[in-house]
Amino acid sequence: MNQDYIIPNEWSIIEEGFDATRVKSSESLFSIGNGAMGQRANFEETYSGSTFQGSYIAGVYYPDKTRVGWWKNGYPEYFAKVLNAPNWIGINVFVNDEALDLNTCKKVEDFRRELNMQEGWLSRSFKATLPNNIEVKVETKRFLSLDLDALGAIQYSVTPVSSGAKITFQPYLDSGIHNEDSNWDDQFWNTLKVAQDGEQAFIEAHTMKTYFHTCTFMQSEVFINSEKQAIQPEVKQLENKISFSYSANVKENETFTIHKFGGYTVDRNHEIDELVTAAKNVLKEGISHGFNALLEQQKQAWAKIWEMADITIDGDVKAQQGIRFNILQLNHTYLGKDARLNIGPKGFTGEKYGGSTYWDTEAYCIPFYMATKDQQVARNLLTYRYNQLDRAIENAEKLGFSNGAALYPMVTMNGEECHNEWEITFEEIHRNGAIAFAIYNYHRYTNDYSYIPEKGLEVLIGIARFWHQRVNFSTAKNKYVMLGVTGPNEYENNINNNWYTNYIAKWCIDYALENIEKVKTEYASDYERIMSKVSLSEDEMQSMKKVADNMYFPYSEEHNVFLQQDGFLDKELISVADLDPSQRPINQKWSWDRILRSPYIKQADTLQGFYFFEDHFSQEELERHFDFYEPFTVHESSLSPCVHSIQAAKLGRMEQAYTFYLRTSRLDLDDYNKEVEEGLHITSMAGTWMSIVEGFGGMRVKNDTLSFEPRIPEQWDGYSFKVNFRGQIVKVKVSHSETQFELEGNNDLEILVNNNKVTVKPHSLVTI
């Protein structure tokens, strides 16, 4: 743990006291979003100190030209940058014509910032003494509407407390912004038009190269002591900025308040020439409701989300705060309303990594969305990949593969690979396996097989063809091998026979062939359509089967474990416990060369395979592999601790499981990896949910039956969660003495509890 200033609270993220060194971290931690847009928790007023300004629109990106020292054939031509969008939240504040700026104030007292997770709003309050010696009290609150997802609202109040003062609010729009993350310092936005219509303002702009058209808009109202004021604003219009100035002489202890409504309309949802009209309609609806009514709607919308998604933890406030923070940020990022969108690793909290889609979605996020929302949301995420199958085939063709082989990208916005590290782009091909596993996982959980004949089988065939072509036959081993790969553990590059990659490749081929046969037998018309499209021959399928049946898996007879890859035992096997703590994290202290020669594992690699395919292995095998690999794992990937937490719980090692849970749930809140100012780790937050539901709750689907093996950390008095399983909601409540199950549905549900059959009837309580 590297920071400890967030105050423990079950329903809020709270910071007290202003500290300029924490500003960037807090901008990440207090970020807000509504699935369509989001923003870091930048101050509305001017701040001249160190800050990372960021507002983002879902699905909008810029193809920043790849910058590498030595070009290699097959490199993607660009890196998709999540774009800092035109700024609508800004409100310059002047007190007797002196700018309010916390970086230049003589004194800042009673500073408090709160992200209310239960109700979905962000607030700040403080007292400040300006350079002109005027003392003011400031209170702000803002949110991004879930119901009107093009709209955000801000309430900003200033109260002079030492004497009366002239207060000026200057709300503005600004498209002259830049990205924190840029390869060539290109201009990402082209401002087309800055316009005013009464007290409404608009900036129309488009992204360079990709030509996403947007309209950024605002309208404001001002009040003194809650009484609306008819103040004619002074308008200032520049090439890429427009501001309105509202001034009032405010008496001591009177409060001057502005309600600012703003947001974006985008050409994903509207015709380009209708963006301003659409913005006017959004503003009209927002103004007609007013800030307070919109806030009430926001509270109700979040109450509905929490009704299904909440996990309660009794007796451990930090653990409770951690899981709710993770659930909140997942819903800030993606709500499942738009099948064209996906879940970026930083969401709307930063620009690192770029792209909107990684294998994280399939490996970690789909289970969360399947269980906490309607299954259609998970199906939309699968359809997102189906719609990009042609691009996956093109990606494989660029690397020399043929005949419909598909390589899904490591990083993408539109299906095209846009990650420019060779050891990732060319070698971290295990991502293909996660795409296929998500299809299997969706069917296993929802029992909706229809997706496979309609869309999924084409994806499975493309992936199987890739693995079939990617292997080599080794005459020395008399097996098929996989050379030059990078597994989930990115602290090993360009290695041979990564066990996880080989294992999931074999499984993908077997699973594709199994479903080809099932579709052929049970969905004849779909089978004919698909086979005529993909031209898959019997000989090719037989050749695929031969590869799957003869895949090589490195194994150590001495340690009785599968080896992470060839040559792993050639390393100097010094455990993490024997590392000098001053050398951590090693990715910030060591050269890449030293990391690659070390035995240290960035994230679960072999154990990732044991997580996906738990039912392929015995408990004893899991224990052996866990005991062998965990001591070498530094968990410097956000995706690592959750898998270890789940497996430690499975092994009954509850103290270890609890420690890993805290690490994943408070990874950002406590800044374990010393990088939170760059943004939050959104996709790994789904792993936090898995740590409780699949780890402590022991939830699985076994033989088509929902199964639980509940456990509880000794630090907790109890915990509860809900899952939407095949259209019925199961509530699980666990304490040290018993586990209770309730069913919200219409039909009896047979479940397994510690491998014993239990029938739960609708709206009844079963206690075990």
Side-chain angles (χ1 to χ4, degrees), residues 39 42-48 51 53-55 84-105 130-132 134 136 138 140 142 151-158 160 165-178 187-206 214-224 228-250 256-265 275-277 279-280 282-284 286-287 291:
Q39 54 197 217
N42 305 126
F43 299 156
E44 293 88 354
E45 76 277 1
T46 297
Y47 183 68
S48 59
T51 179
Q53 296 289 313
S55 295
N84 188 4
N87 179 3
W88 68 262
I89 72 165
I91 305 172
N92 294 325
V93 180
F94 301 92
V95 181
N96 285 351
D97 298 321
E98 179 91 50
L100 174 61
D101 179 348
L102 293 187
N103 192 52
T104 61
C105 284
L130 280 70
N132 61 11
I134 300 293
V136 295
V138 175
T140 77
R142 78 176 188 244
L151 183 71
I154 301 170
Q155 178 175 273
Y156 197 109
S157 299
V158 177
K166 174 189 172 187
I167 308 294
T168 300
F169 290 130
Q170 189 180 77
Y172 64 86
L173 305 177
D174 182 9
S175 61
I177 42 81
H178 68 280
Q187 179 184 346
F188 289 167
W189 288 93
N190 180 36
T191 301
L192 300 173
K193 187 177 181 181
V194 178
Q196 172 203 0
D197 185 355
E199 293 188 49
Q200 297 179 339
F202 311 93
I203 294 184
E204 295 180 79
H206 70 72
T214 66
C215 175
T216 309
F217 56 84
M218 72 171 181
Q219 183 173 348
S220 301
E221 297 178 319
V222 291
F223 306 81
I224 293 181
K228 187 175 179 180
Q229 303 296 299
I231 299 174
Q232 191 65 30
E234 177 185 334
V235 181
K236 187 174 182 180
Q237 187 169 324
L238 302 173
E239 183 180 2
N240 52 24
K241 187 172 184 178
I242 184 169
S243 64
F244 293 167
S245 293
Y246 300 86
S247 296
N249 292 313
V250 184
F256 191 36
T257 299
I258 183 170
H259 289 171
K260 180 179 182 181
F261 303 88
Y264 308 102
T265 50
L275 290 175
V276 172
T277 300
K280 288 182 175 183
V282 172
L283 286 171
K284 181 180 179 181
I287 291 287
F291 183 89

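- Between atom CD of residue Glu221 and atom CD1 of residue Ile258 there is a gap of 9.5 Å, rounded to the nearest 0.5 Å.
- Between Met218 and Pro171, the shortest heavy-atom contact is CE-O, 3.5 Å.
- Tested against Tyr156, the residues Glu45, Glu44, Arg142, His259 include a single side chain to side chain donor-acceptor pair (under 3.5 Å) partner, Glu45.
- With values rounded to the nearest 0.5 angstrom, Ile134 atom CD1 is found 12.5 Å from Leu100 atom CG.
- Geometrically, Lys260 engages Tyr172 in a cation-pi contact, judged by NZ or CZ lying under 6.0 Å from the ring centre and within 45° of the ring axis.
- A donor-acceptor pair under 3.5 Å is absent between the side-chain atoms of Ser55 and the main chain of Gln39, judged by distance alone.
- The CZ atom of Phe169 sits 12.0 Å away from atom CZ of Phe94, with the distance rounded to the nearest 0.5 Å.
- The shortest side-chain heavy-atom distance between Thr257 and Val222 does not fall under the 4.5 Å cut-off.
- Of all the heavy atoms in Phe244 and Gly198, the pair that sits closest is CZ-O, 3.8 Å.
- Annotation: Gln237, atom CD; neighbour count of heavy atoms from other residues, nucleotides and ligands within 6.0 Å is above 12.
- A pairwise comparison of heavy atoms in Gln170 and Ser243 identifies CG-CB, 3.8 Å as the closest pair.
- Pairing each heavy atom of Leu151 with each of Gly286, the nearest pair is CD2-CA, 3.8 Å.
- For the pair Glu239 (side chain) and Lys241 (backbone), a donor-acceptor distance under 3.5 Å is absent.
- Distance OG/Ser220 to CD1/Ile231: 11.5 Å, rounded to 0.5 Å.
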* **Verdict with supporting geometry, Val276 and Phe217, side-chain contact (heavy atoms from CB on, under 4.5 Å)** => CA-CA 8 Å; Val276 172; Phe217 56 84; over 6 Å; no

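- Rounding to the nearest 0.5 Å gives a distance of 9.0 Å between CG of Asn96 and OG1 of Thr168.
- Nearest heavy-atom pair, Ser175 versus Thr191, reported as atom, atom and distance to 0.1 Å: OG-OG1, 2.5 Å.
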* Asked: Where do Ile167 and Val95 land on the side-chain contact (heavy atoms from CB on, under 4.5 Å) test, with the steps shown first?
  -> CA-CA 5 Å; Ile167 308 294; Val95 181; 3.9 Å; yes

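- From Gln229, atom CD reaches atom OH of Tyr246 across 12.5 Å, with rounding to the nearest 0.5 Å.
- No donor-acceptor pair closer than 3.5 Å links the side chain of Asn87 to the backbone N or O of Leu173.
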* **side-chain contact (heavy atoms from CB on, under 4.5 Å) between Asn84 and Phe188, intermediate numbers included** => CA-CA 9 Å; Asn84 188 4; Phe188 289 167; over 6 Å; no

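- Between Lys236 and Ser245, the closest side-chain pair of non-hydrogen atoms is not below 4.5 Å.
- Considering all non-hydrogen atoms of both residues, Asn42 and Gly54 come closest at OD1-N, 3.0 Å.
- With sequence neighbours excluded, the residues forming a side chain to side chain contact (heavy atoms under 4.5 Å, CB included) with Asp101 are Thr46, Tyr47, Ser48, Asn103, Thr104, listed by chain and number.
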* Asked: side-chain contact (heavy atoms from CB on, under 4.5 Å) between Phe202 and Leu275: does it pass, once the steps are laid out?
  -> CA-CA 10 Å; Phe202 311 93; Leu275 290 175; over 6 Å; no

